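Okay, so here's the structure we're looking at.
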Amino acid sequence: MEYDHVGETDPEVANMLSREVDRQRETLAMIASENHASPAVLEAQGSALTNKYAEGYPGERYYGGCEVVDEVEQLAIDRAKELWGAEYVNVQPHSGSQANMGVYLAVLDPGDTILSLDLTHGGHLSHGHPKNFAGQMYDVARYEVDPETGYVDYDALADQARDVEPDIIVSGYSAYPRQVDWTRIQELADEVGAYHMADIAHITGLVAAGEHPSPVGIADFVTGSTHKTIRAGRGGIIMSDAEYADAIDSAIIPGMQGGPLMHNIAGKAVGFGEALQPEFEEYATQTVRNASVLGERLSEHGLSLVSGGTDTHLVLVDLRKSHPDTTGKDVERALEDVGIVLNANTVPGETRSPFVASGIRAGTPALTTRGFDEAAMKEVADCIARIVEHTDDPDVKGEVAEDVQALCADYPLYE
Ligand SMILES: *Cc1c(COP(=O)(O)O)cnc(C)c1O
C-alpha cells in the first residue's frame with residue numbers, strides 16, 4: 001500500500017496508515033466481524049466520490065451532477081439483488097446499526113416493543129441495549145439461548161412472544177455459532193402480529209454464497225453490514241419485499257441520514273461484484289470449514305465451545321468449564337501479545353462484567369481471505385490453546401509469537 005500523497009502533505013497520518021497496514025500484515029485478525037477488503041474495494045472507498053452530495057435516490061436527487069453516482073448506486077443495488085435475491089434493496093445505510101435504525105423508523109413508533117436476543121447471549125447493541133438509541137426509543141424484551149445447548153430456545157421464544165406481544169422480533173446475532181431458523185421465527189411473528197427483522201450483519205457473505213440458509217423472501221426485513229463476511233467495505237444494507245420500499249426509503253432519508261456515502265456505495269458495488277464471482281463461493285465454504293476445524297481442534301485441547309461447535313464463521317469458547325480462573329480479557333490480552341487479535345466475549349449465563357467476560361469469540365473470515373486452509377487453522381488453534389493454558393508464561397508466549405509470525409509470512413496480505 002502506497003500513501004504518496006498523504007506522505008507528502010501529512011507524514012504524521014501517513015505513518016499511522018502504514019503502521020496499521022503493517023499491523024494487519026503481522027497479526028492474525030480473528031475478530032469475527034472483521035475481514036480484509038480487497039485493494040479494489042479500498043480504492044473505490046478512497047475515491048473522489050466522497051466529494052459528491054446525492055441526497056435522494058438514483059434518478060430522484062435533490063442535487064445536480066448526480067449522473068455518475070446514480071449509475072454507481074444502481075449498480076450496487078442491482079448486484080445486491082442478484083447476490084441475495086431481494087425484491088428491494090437500499091444500499092445507503094452508513095453502517096449495520098443504521099440499517100437497523102432504518103427498519104425500526106419505517107415500521108415502529110416510539111414506545112413500541114422490540115423482542116430481541118439478550119446481549120450477553122449474542123445480541124447486538126442496536127437490538128436494544130439500554131444506552132443505544134433502540135433501547136432509549138423503544139421498549140425492549142429479551143429472549144435467550146438455552147443455557148444447556150447454547151441454541152436459540154425457540155419454544156421459550158414462542159411463549160415469550162405470545163406473552164409480550166412485541167411489534168417486532170429481531171433475529172440474527174453477533175456471537176451465535178449456529179444456523180438460525182428464519183422460517184420458525186417468521187411464523188411466530190405472523191402469529192403474534194409482529195414484524196420480523198433478520199439482521200444478517202455477520203453472515204451476509206455466507207448467506208450470499210449459500211453457506212447459511214437465507215432469510216430473504218422469508219423475513220419481513222433483512223438488514224446487514226457490508227464489511228464483515230461479504231468483504232465489500234464499511235456500510236449497511238436493507239432488503240425486503242417491494243411493498244416496504246417507500247417506507248424504508250423515506251426512513252433513511254429524510255428520516256435519519258443526509259447524503260449517502262457515495263464512495264462507500266462504490267466500495268459496495270465493487271465488493272458485491274467480487275462476491276458474484278465463483279471464487280467467492282469457495283471463499284465462503286472455506287471460511288465455514290476453517291471455523292469448524294478451529295472448533296474441533298480447540299475442543300481436542302479441552303476447551304469448551306458454546307453449543308458444542310459451529311455451523312458458521314465463528315466459535316465461542318466458554319472458559320468457565322476448563323479454566324474457571326481465567327477470564328476472556330486475560331486471554332484476549334495474552335493473545336494480543338503474541339499477535340492473535342480477537343475479543344473477549346460474554347457467554348450465555350455470564351457472571352462477569354462484559355468488559356472482562358468468561359469467553360472468547362474467534363472468527364475465520366479474515367484469515368480465510370489471506371488463504372488459510374484447514375492445516376493452517378489447526379496451527380492457529382494450537383497457538384490459541386497454548387496461550388489459554390499459559391497466559392503469563394513469557395517463554396511459551398515467545399514461542400507462539402514466532403509461530404504466528406511464520407504463519408503471517410506464509411499467508412501474506414496486501415502484497
Ligand atoms: C456488526 C453488527 C451490526 C452492525 O454494526 P455496525 O458496526 O453498525 O456496522 C448489526 N447487527 C449485528 C448483529 C452485528 O453483529
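Since the structure is predicted, the reported quantities are computational estimates derived from the model, not experimental observations. Start at 1 with the first residue, then count along the sequence.
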Using only heavy-atom distances, determine whether the side chains of Q74 and D78 contain a donor-acceptor pair under 3.5 Å.
-> yes
Is it true that the NZ or CZ of R370 lies under 6.0 Å from the centre of Y414's six-membered ring and within 45 degrees of the ring axis?
-> no
Which residue, T364, T287, L367, D410, forms the side-chain contact (heavy atoms from CB on, under 4.5 Å) with F372?
-> L367
Just wondering, do Y195 and Y244 contact through their side chains at under 4.5 Å, heavy atoms?
-> yes
Check whether any side-chain heavy atom of I168 sits under 4.5 Å from a side-chain heavy atom of L115, and report yes or no.
-> no
Counting distance only, does the side-chain N/O of Q160 pair as donor-acceptor with the main-chain N or O of R142 below 3.5 Å?
-> yes
Look at the side chain of T223 and the backbone N and O of N100, then say whether any donor-acceptor pair between them is shorter than 3.5 Å.
-> no
Where do F133 and M101 land on the side-chain contact (heavy atoms from CB on, under 4.5 Å) test, with the steps shown first?
-> CA-CA 8 Å; F133 74 90; M101 187 182 217; 3.4 Å; yes
Carefully, step by step, assess Y151 and R178 under the rule side chain to side chain donor-acceptor pair (under 3.5 Å).
-> CA-CA 7 Å; Y151 283 67; R178 293 300 182 176; 3.0 Å; yes
Does the pair R386/E399 count as a salt bridge with the N-to-O cut at 4.0 Å?
-> yes
Closest non-hydrogen contact found for V404 with C383 is CG2-SG, 4.4 Å
Yes or no on side-chain contact (heavy atoms from CB on, under 4.5 Å) for L206 and H313, after CA distance, side-chain angles and deciding distance?
-> CA-CA 8 Å; L206 306 185; H313 62 298; 3.8 Å; yes
I31 side, atom CD1; N345 side, atom CG - distance, nearest 0.5 Å | 10.5 Å
I would like to know whether R231 and F280 meet side-chain contact (heavy atoms from CB on, under 4.5 Å); could you show each step before the answer?
-> CA-CA 10 Å; R231 250 178 3 191; F280 188 79; 3.8 Å; yes
Any donor-acceptor N/O pair, T310 side chain to P177 backbone, under 3.5 Å = yes
If we ignore angles and hydrogens, is there a donor and acceptor under 3.5 Å between the side chains of E389 and H301?
-> no
Are any non-hydrogen side-chain atoms of L342 and R361 less than 4.5 angstrom apart?
-> no
Mind checking whether M197 and Y104 have side chains closer than 4.5 Å, heavy atoms only?
-> yes
Counting only heavy atoms not in E243, do more than 12 fall under 6.0 Å of its CD?
-> yes
Would you sort out whether E211 and T285 count as a side chain to side chain donor-acceptor pair (under 3.5 Å), showing the intermediate values?
-> CA-CA 6 Å; E211 279 295 323; T285 306; 2.9 Å; yes
Taking atom types as modelled, find out whether T368 and N290 have a side-chain donor-acceptor pair closer than 3.5 angstrom.
-> yes
Examine distances only and state if a side-chain atom of W84 and a backbone atom of M239 form a donor-acceptor pair shorter than 3.5 Å.
-> no
For the pair E191 and R162, evaluate salt bridge (charged side-chain N to carboxylate O under 4.0 Å, His left out) and give the outcome as yes or no after the intermediate values.
-> CA-CA 8 Å; E191 181 197 319; R162 288 172 194 132; 2.6 Å; yes
E402, CD: over 12 other non-hydrogen atoms inside 6.0 angstrom | no
Do you know the tightest heavy-atom contact between V347 and G359?
-> CG1-CA, 3.8 Å
Taking 4.0 angstrom as the limit, do D392 and R333 come out as a salt bridge?
-> no
Do other residues, nucleotides or ligands put more than 12 heavy atoms under 6.0 Å from the CG atom of D373?
-> yes
Sorted by chain and residue number, the ring pair (Phe, Tyr, Trp, His ring centres under 6.0 Å) partners of Y57 (sequence neighbours excluded) come out as none
Using a strict 4.0 Å threshold on nitrogen-to-oxygen distance, state whether R23 and E20 make a salt bridge.
-> yes
Minimum-distance pair of heavy atoms, taken over all atoms of G135 and V140 | CA-CG2, 4.0 Å
Pairwise distance CG(L407) to CE(M377) - rounded to 0.5 angstrom = 9.5 Å
Side-chain ion pair, R25 and D22, N-O less than 4.0 Å | yes
Donor-acceptor contact below 3.5 Å, side chain Y176 vs main chain V152 | yes
For V180, does its backbone N or O pair with a side-chain atom of H212 as donor and acceptor, under 3.5 Å?
-> yes
Just wondering, more than 12 heavy atoms not from E374 lying within 6.0 Å of its CD?
-> yes
Are side-chain N/O atoms of Q186 and H196 paired as donor and acceptor at under 3.5 Å?
-> yes
Partners passing side chain to side chain contact (heavy atoms under 4.5 Å, CB included) against L17 (at least two apart in sequence or in another chain) = Y3, V6, V13
Exercise: do R320 and S358 side chains pair donor with acceptor under 3.5 Å | no
Carefully, step by step, assess E187 and R184 under the rule salt bridge (charged side-chain N to carboxylate O under 4.0 Å, His left out).
-> CA-CA 5 Å; E187 284 171 1; R184 193 151 172 198; over 6 Å; no
Distance-only, no hydrogens or angles: does the D112 side chain make a donor-acceptor pair with backbone N or O of D109 under 3.5 Å?
-> yes
Contact check, side chains of T27 and I340, non-hydrogen atoms, under 4.5 Å = no
Hey, is NZ on K397 packed in by over 12 heavy atoms from elsewhere, all under 6.0 Å?
-> yes
Heavy atoms of other groups near E2 CD, more than 12 under 6.0 Å = no
Without swapping roles, check the side chain of T327 against the backbone of D330 for a donor-acceptor pair under 3.5 Å.
-> yes
Just checking, is any N or O donor in the side chain of Y88 or D249 under 3.5 Å from an acceptor N or O on the other one?
-> yes
With a 4.5 Å heavy-atom cut-off, do M262 and V69 have their side chains touching?
-> yes
Please assess T149 against S307 for the test side-chain contact (heavy atoms from CB on, under 4.5 Å), listing each intermediate value before the final yes or no.
-> CA-CA 5 Å; T149 64; S307 85; over 6 Å; no
Does E350 use its side chain to pair, donor to acceptor, with the backbone of R352 at less than 3.5 Å?
-> yes
Do the side chains of L298 and V317 get nearer than 4.5 Å, heavy atoms only?
-> yes
When you check the side-chain N and O atoms of E73 and Q92, is any donor under 3.5 Å from an acceptor?
-> yes
Would you say N35 and K228 make side-chain contact, with heavy atoms under 4.5 Å?
-> no
Kindly compute the distance separating CD (E26) from CG (L413), expressed to the nearest 0.5 Å.
-> 10.5 Å
Taking D167 for its side chain and T113 for its backbone only, find out whether a donor-acceptor pair lies under 3.5 Å.
-> yes
Do NZ/NE/NH1/NH2 and the carboxylate oxygens of E87 and K81 come within less than 4.0 Å?
-> no
